[in-house]
Amino acid sequence: MEIGSDVEIKWVAHLLQLNVGGIVNALTLKTSEMRNENLVIPLNIDQALDARDAVSKALYSSLFTWLVSRLNKIISGKSSRRSVKNVISILDIFGFEDFPENSFEQLCINYANENLQYFFNKNIFKMEQAEYAKEKIEWNPITFLDNQPIIHMLFKKPVGVFHLLDDESNFPKATDISFLEKCHYNHALNELYSRPRMNSMEFGIKHYAGQVWYNVESFLDKNRDTLRYDVMSLMINSKEKMISKMFQDLRNFHEASKTLNKPNGQFVTMKPRTATVIFYSYE
């Protein structure tokens, strides 16, 4: 694959303080190590777009993490009382989403909203009404929808939708169809889960805000969201210290996720596992 215009590439290289050739190679070539040899494999258009998106997402995520850490350090450093910790909590999330076409992104966003709704229910309804009952206060009980079963269906091990997706993402021969079939097999009898009437690549979830249909095409690729190590090394070599430091921290996190800390203090290397979007949500 060849890049038609180098204008945008030059701008990116200037902003990130990177070599133009390095960016071009990162978007058009893939370096793989096989039998102690480095193989350079050309990317097709779809693979190049995936590589571009992976870098963009990594930049956004790393910059967001850096910003929050920076703010917390500044605040804690100016605290006049050592026993008091000032904290800024930032919630970076969209509202509940239901579009004509919903994919992996909408499922992640709606799952986060399910957790926010559950937190709201627990603190506003369950805990408050339990306190009223304890103090024998007369009030009219408020009924509400307990959405914990939805959260369990999506994320509870071992057959939650997200766990099925993560397992499939680590099987080389797995496909979006095999993931969908496992979802149907494990959740077809659940009233919160819906199979399509036609033989289409989608499933439905009855969220607290209503039913949403999700098209599973590209679910596995989006979950893998692979940022190649050669691309990560390119970003670490940036002349911009902040960019270099952010991606060095990102690589350190990747490396740390591959080790297991045993009770006796020893570290054991875990079996290699794809660093998926869902995998990092476990951390």
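The shown structure was predicted, so the numbers you read here are calculated from the model rather than taken from an experiment.
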For the pair [X] (side chain) and [Y] (backbone), establish whether a donor and an acceptor sit closer than 3.5 Å, ignoring hydrogens and angles.
X: Asn147; Y: Ile150; value: no
X: Arg224; Y: Ser169; value: yes
X: Lys206; Y: Glu191; value: yes
X: Asn110; Y: Gln106; value: yes
X: Ser69; Y: Trp66; value: no
X: Ser218; Y: Asp221; value: no
X: Asn19; Y: Gly22; value: yes
X: Ser178; Y: Ala174; value: no
X: Asn237; Y: Leu18; value: no
X: Ser244; Y: Glu240; value: no

Is there a donor-acceptor contact under 3.5 Å linking the side chains of [X] and [Y]?
X: Gln117; Y: Asn113; result: no
X: His184; Y: Tyr193; result: yes
X: Asn215; Y: Asn102; result: no

Summary of salt bridge (charged side-chain N to carboxylate O under 4.0 Å, His left out) pairs that have at least one residue in residues 102-119, sequence neighbours excluded: Glu105-Lys222

Pairwise salt bridge (charged side-chain N to carboxylate O under 4.0 Å, His left out) hits with a residue in residues 171-190, at least two apart: Glu168-Lys182

Minimum heavy-atom distance [X]-[Y], with the two atoms named:
X: Leu164; Y: Val159; result: CD1-O, 3.5 Å
X: Asn44; Y: Asp46; result: OD1-N, 3.1 Å
X: Ala13; Y: Val20; result: CB-CG2, 3.8 Å

Is there a continuous path of hydrophobic side-chain contacts, each under 4.5 Å between heavy atoms, that joins [X] to [Y]?
X: Leu71; Y: Leu63; result: yes
X: Met242; Y: Phe247; result: yes
X: Trp213; Y: Tyr111; result: no

Stepwise side chain to side chain contact (heavy atoms under 4.5 Å, CB included) check, Phe179 with Asp167: CA-CA 9 Å; Phe179 159 66; Asp167 287 341; over 6 Å; no

Nearest 0.5 Å, what's the [atom1]-[atom2] distance between [X] and [Y]?
X: Leu154; Y: Leu165; atom1: CG; atom2: CG; answer: 11.5 Å
X: His207; Y: Ile151; atom1: NE2; atom2: CD1; answer: 11.0 Å
X: Asn123; Y: Tyr118; atom1: CG; atom2: OH; answer: 9.5 Å
X: Phe219; Y: Ser103; atom1: CZ; atom2: OG; answer: 5.0 Å
X: Ser238; Y: Lys245; atom1: OG; atom2: NZ; answer: 14.0 Å

Report yes if some heavy atom in the side chain of [X] is under 4.5 Å from a heavy atom in the side chain of [Y]; otherwise report no.
X: Leu16; Y: Met235; answer: yes
X: Val24; Y: Ile9; answer: yes
X: Lys30; Y: Gln47; answer: no
X: Ile41; Y: Leu29; answer: no

Test side chain to side chain contact (heavy atoms under 4.5 Å, CB included) applied to Val12 and Ile23, step by step: CA-CA 8 Å; Val12 172; Ile23 297 178; 3.8 Å; yes

Greater than 12 external heavy atoms within 6.0 Å of Lys57's NZ: yes

Leu15, CG atom: more than 12 neighbouring heavy atoms under 6.0 Å: yes

Output field: ring centroids Tyr208/Phe96 closer than 6.0 Å: yes

Side chain to side chain contact (heavy atoms under 4.5 Å, CB included) assessment of Gln211 paired with Ile205: CA-CA 5 Å; Gln211 180 160 307; Ile205 300 292; over 6 Å; no

Aromatic ring pairing Tyr60/Phe64, orientation class (parallel under 30°, perpendicular over 60°, tilted between): parallel

CA sep, side-chain torsions, deciding dist, call: Phe104, Val216, side chain to side chain contact (heavy atoms under 4.5 Å, CB included): CA-CA 7 Å; Phe104 178 66; Val216 302; over 6 Å; no

Any pair counted as side-chain hydrogen bond (donor to acceptor under 3.5 Å, both in side chains), so long as it reaches residues 132-142, sequence neighbours left out: Gln129-Trp139

